[in-house]
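Predicted, not measured: the structure shown is a model, and the values here were computed from it. Sequence lines set the chain letters: A, B, ... in the order given, protein chains first and strands last, and positions in each chain run from 1.
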2 protein chains.
Amino acid sequence: MLSKKTKYGLKALAFMARKEDTSPVQIATIASSENISQKFLESILLTLRKNGVLGSKKGKGGGYYLLKAPKDINMSEVMRILEGPIAMVPCVSLNFYERCDDCPDENACSVHSLMIELRDSSLSILNNKTLADLI
Amino acid sequence: MLSKKTKYGLKALAFMARKEDTSPVQIATIASSENISQKFLESILLTLRKNGVLGSKKGKGGGYYLLKAPKDINMSEVMRILEGPIAMVPCVSLNFYERCDDCPDENACSVHSLMIELRDSSLSILNNKTLADLI
DNA sequence: TAATTAACCTATAGATTTAGTAGATTAAAT
DNA sequence: ATTTAATCTACTAAATCTATAGGTTAATTA
């Protein structure tokens with residue numbers, strides 16, 4: 001299940017991408033336009049800034065802005081920042097790998113290959129989607 | 001993220017599918033072979049029985065058994081029983097549809113079409129996989 | 001320089017879900 | 001009648017999610 005955090009984050013990014021100019025947008029503006037709790041959105045946008053997706057500017061006329069053109073903001077990158085691993089189990093995650101406690105032998109696990117297939121099919125979509133595709 | 005419930009359920013089903021004969025398998029046998037808490041596994045197998053995937057027999061020589069051949073047990077069906085919706089958001093779920101509170105217009109939602117693509121790619125895999133493919 | 005604006009930071013809280021435990025009951029076989 | 005193994009009910013601990021509250025910092029403007 002996609003978390004609200006990710007959903008709101010994607011909506012906020014799309015909101016910024018839809019603007020013609022690249023001037024900063026205030027949290028309050030996005031929050032009210034997209035029906036998102038402002039405080040919650042604050043922490044989401046902060047995460048995106050700390051991970052190099054957004055830039056910010058304080059004070060009057062300040063806000064958040066995209067650091068790259070929408071077509072250069074990749075969906076798998078954004079999903080990993082907001083949602084975490086693309087894979088459904090950590091033992092097949094490319095970027096967040098972890099062993100499973102219950103599996104003595106990963107390659108003997110009956111779930112393993114199915115999870116790899118699912119991961120790859122999701123990745124093939126997300127790797128080829130950008131923020132520009134959302135608008 | 002795949003829940004332990006689903007993971008354990010799939011492992012238990014694969015365990016049963018690997019046997020040559022179709023005689024009942026006891027919870028305790030599966031639990032110890034697959035490193036699963038017995039009590040937890042109990043509730044999982046019960047769910048699978050109530051949803052028509054497994055049959056059961058009480059008393060000595062009892063246990064759980066597959067109601068169909070592994071090649072006829074579909075993965076999207078099992079996933080829906082154990083994990084719930086295939087889709088990452090309820091508003092694009094085929095079997096568990098729900099509106100989103102924050103979306104005035106579903107079709108205007110920037111996340112919507114991406115979620116449909118992801119759902120469809122997962123479904124195309126799961127619809128064509130059976131329990132026989134796990135073993 | 002003072003006031004205003006808007007991002008930034010820390011802490012916390014309520015709700016929900018997940019994963020698991022405990023203990024009693026029911027049905028089948030011996 | 002005893003043993004076996006599924007079934008049922010209830011509960012708990014921990015983690016995660018979705019926020020909320022309140023103060024701090026930095027930039028702009030008057």
Asker: What's the closest nucleotide to the A:Ser37 side chain, out of D:dA5, D:dT20, C:dA6?
Answerer: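 Side chain of A:Ser37 sits closest to D:dT20.
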
Asker: Considering heavy-atom distances to DNA chain D, does A:Glu42 or A:Ser3 have its closest nucleotide positioned more toward the 5' end?
Answerer: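 Of the two residues, A:Ser3 wins.
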
Asker: Starting from the 5' end of DNA chain C, give me the residue, B:Thr6 or A:Ser56, whose nearest nucleotide shows up first.
Answerer: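 Result of the comparison: A:Ser56.
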
Asker: Check the distance between D:dA5's P and B:Leu45's CG and give it to me in whole angstrom.
Answerer: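 Spelled out: CG on B:Leu45 to P on D:dA5 is 15 Å.
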
Asker: Could you please name the option among D:dA27, C:dA28, D:dT18 that lies closest to any side-chain atom of B:Lys57?
Answerer: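 When the side chain of B:Lys57 is considered, C:dA28 is the closest of D:dA27, C:dA28, D:dT18.
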
Asker: Please determine, for the side chain of A:Phe40, which listed nucleotide (D:dC8, D:dT18, C:dG20) has the closest atom?
Answerer: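 Of D:dC8, D:dT18, C:dG20, D:dT18 is nearest to the side chain of A:Phe40.
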
Asker: With the threshold set at 4.0 Å, does a side-chain nitrogen-carboxylate oxygen contact exist between A:Asp133 and A:Lys71?
Answerer: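 No, no charged N to carboxylate O under 4.0 Å.
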
Asker: Rounded to whole angstrom units, what separation is found between the CG atom of B:Leu2 and the C1' atom of C:dT18?
Answerer: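 In whole Å, C:dT18 C1' and B:Leu2 CG are 13 Å from each other.
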
Asker: When rounded to the nearest 0.5 angstrom, what is the spacing between CG in B:Leu10 and CD1 in B:Ile44?
Answerer: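 B:Leu10 CG to B:Ile44 CD1: 10.0 Å, rounded to 0.5 Å.
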
Asker: What is the distance, to the nearest angstrom, from the CE atom on A:Met16 to the C1' atom on C:dA7?
Answerer: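 My rounded result for the distance is 12 Å.
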
Asker: Under 4.0 Å between a side-chain N/O of A:Tyr8 and OP1 or OP2 of D:dT18, yes or no?
Answerer: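 Checking A:Tyr8 against D:dT18: no side-chain N or O falls below 4.0 Å of OP1 or OP2.
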
Asker: D:dC17 P sits how many Å from A:Ile44 CD1, rounded?
Answerer: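 One finds 12 Å between P of D:dC17 and CD1 of A:Ile44, rounded.
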
Asker: Separation of B:Tyr65 atom OH from D:dA5 atom P, in whole Å?
Answerer: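 Answer to the nearest Å: 16 Å.
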
Asker: Where the side chain of A:Lys4 is defined as all heavy atoms beyond and including C-beta, which of C:dA6, D:dA5, D:dA19 is the nearest nucleotide?
Answerer: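 Nearest to the side chain of A:Lys4 among the choices is D:dA19.
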
Asker: Using heavy atoms to find the nearest nucleotide of DNA chain D for A:Gln38 and B:Gly62 separately, return the residue whose nucleotide is more 5′.
Answerer: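 Comparing both residues, the 5'-ward one is B:Gly62.
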
Asker: Which residue pairs pass the side chain to side chain donor-acceptor pair (under 3.5 Å) test when at least one of the two sits in residues 79-91 of chain B, sequence neighbours left out?
Answerer: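 Listed once each, the pairs are B:Ser3-B:Glu83, B:Thr6-B:Glu83.
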
Asker: Is it possible for you to say whether B:Ile135 and B:Leu66 belong to one hydrophobic cluster, with membership spreading through side-chain heavy-atom contacts below 4.5 Å?
Answerer: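 No, no single cluster joins them.
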
Asker: OP1 or OP2 of D:dT3 versus the side-chain N and O atoms of B:Lys58: is any pair under 4.0 Å?
Answerer: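 B:Lys58 to D:dT3 OP1/OP2: no side-chain N or O under 4.0 Å.
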
Asker: Provide, to the nearest angstrom, the distance between the CG atom belonging to B:Asn35 and the C1' atom belonging to C:dA19.
Answerer: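 Spelled out: CG on B:Asn35 to C1' on C:dA19 is 16 Å.
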
Asker: Using a cut-off of 4.0 Å on non-hydrogen atoms, how would the nucleic acid contact of B:Ile27 be classed: base, sugar-phosphate, or nothing?
Answerer: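 B:Ile27: backbone/sugar contact only, no base atoms under 4.0 Å.
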
Asker: Give a yes or no on whether a salt bridge exists between A:Glu34 and A:Arg18, defined as a side-chain N under 4.0 angstrom from a carboxylate O.
Answerer: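 Yes.
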
Asker: Answer yes or no: is there a side-chain heavy-atom contact under 4.5 Å between A:Leu82 and A:Val78?
Answerer: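 Of all side-chain heavy-atom pairs linking A:Val78 with A:Leu82, at least one is under 4.5 Å.
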
Asker: Just to be sure I understand the rule, does A:Lys7 reach a base, reach only the sugar-phosphate, or reach nothing, if contact means heavy atoms closer than 4.0 Å?
Answerer: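 Result for A:Lys7 = nothing.
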
Asker: Which is true for B:Lys39 with a 4.0 Å heavy-atom rule: it touches a base, it touches only sugar-phosphate, or it touches nothing?
Answerer: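 Touches a base.
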
Asker: Please report the distance, rounded to the nearest Å, between CZ in B:Arg49 and C1' in D:dA6.
Answerer: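 Taking atom C1' of D:dA6 as the reference, CZ of B:Arg49 is at 9 Å.
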
Asker: Tell me the interatomic distance from A:Leu46, atom CG, to D:dT25, atom P, rounded to whole angstroms.
Answerer: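 In whole Å, D:dT25 P and A:Leu46 CG are 15 Å from each other.
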
Asker: Taking the minimum atom-to-atom distance to the side chain of A:Lys60, which one of D:dA6, C:dA19, D:dT29 wins?
Answerer: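 Of the options given, the side chain of A:Lys60 lies nearest D:dT29.
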
